[in-house]
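Notes follow once the structure below has been shown.
All residue numbers refer to positions in the sequence shown, counting from 1. None of these values were measured; they are calculated from a predicted model.
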Amino acid sequence: VFEDLARRFALFAPMAAGVDPGAVAKALQTLEQSKIIERGEGRYSLTAEGRAHCVSSRKTLFNQRDIQELDQAAGVFDSL
């Protein structure tokens, strides 16, 4: 997934270099325990708290181009 995203969105290039499945699993577990995401029907989604956190955080963590790429890439994640 990240290899395809990296070809389309520069923001994802570092993730395409290699993903440690164990690290991803641990990160997802941490986000779930923190009530940022929840798993339902075989997929993860943001909780209301998680959505509020991401909206407020992305304004300070990402520049305008990054935000546009994240918004465009969201469609890819929706289709997984």
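- Checked by atom type and distance alone, the side chain of Thr47 never pairs as donor or acceptor with a backbone atom of Glu38 at under 3.5 Å.
- Atom CD of Gln33 sits about 10.0 Å away from atom NZ of Lys26, to the nearest 0.5 Å.
- Around the CZ atom of Arg39, the shell of radius 6.0 Å holds more than 12 heavy atoms that belong to other residues, nucleotides or ligands.
- Using a distance-only test at 3.5 Å, with no hydrogens or angles considered, no donor-acceptor pair links the side chain of Glu49 to the main chain of Ile36.
- For the pairing with Leu11, the side-chain contact (heavy atoms from CB on, under 4.5 Å) check across Gln72, Arg65, Glu69 returns one residue only, Glu69.
- The CG atom of Asp66 lies 12.0 Å from the CZ atom of Phe9; values are rounded to the nearest 0.5 Å.
- Taking every heavy atom of both residues into account, Ala6 and Ala13 meet most closely at CB-CA, 3.7 Å.
- Here the closest non-hydrogen pair linking Ala73 and Phe12 is CB-CE1, 3.6 Å.
- Within the model, atoms CG of Leu31 and CD1 of Ile37 stand 4.5 Å from one another, a figure rounded to the nearest 0.5 Å.
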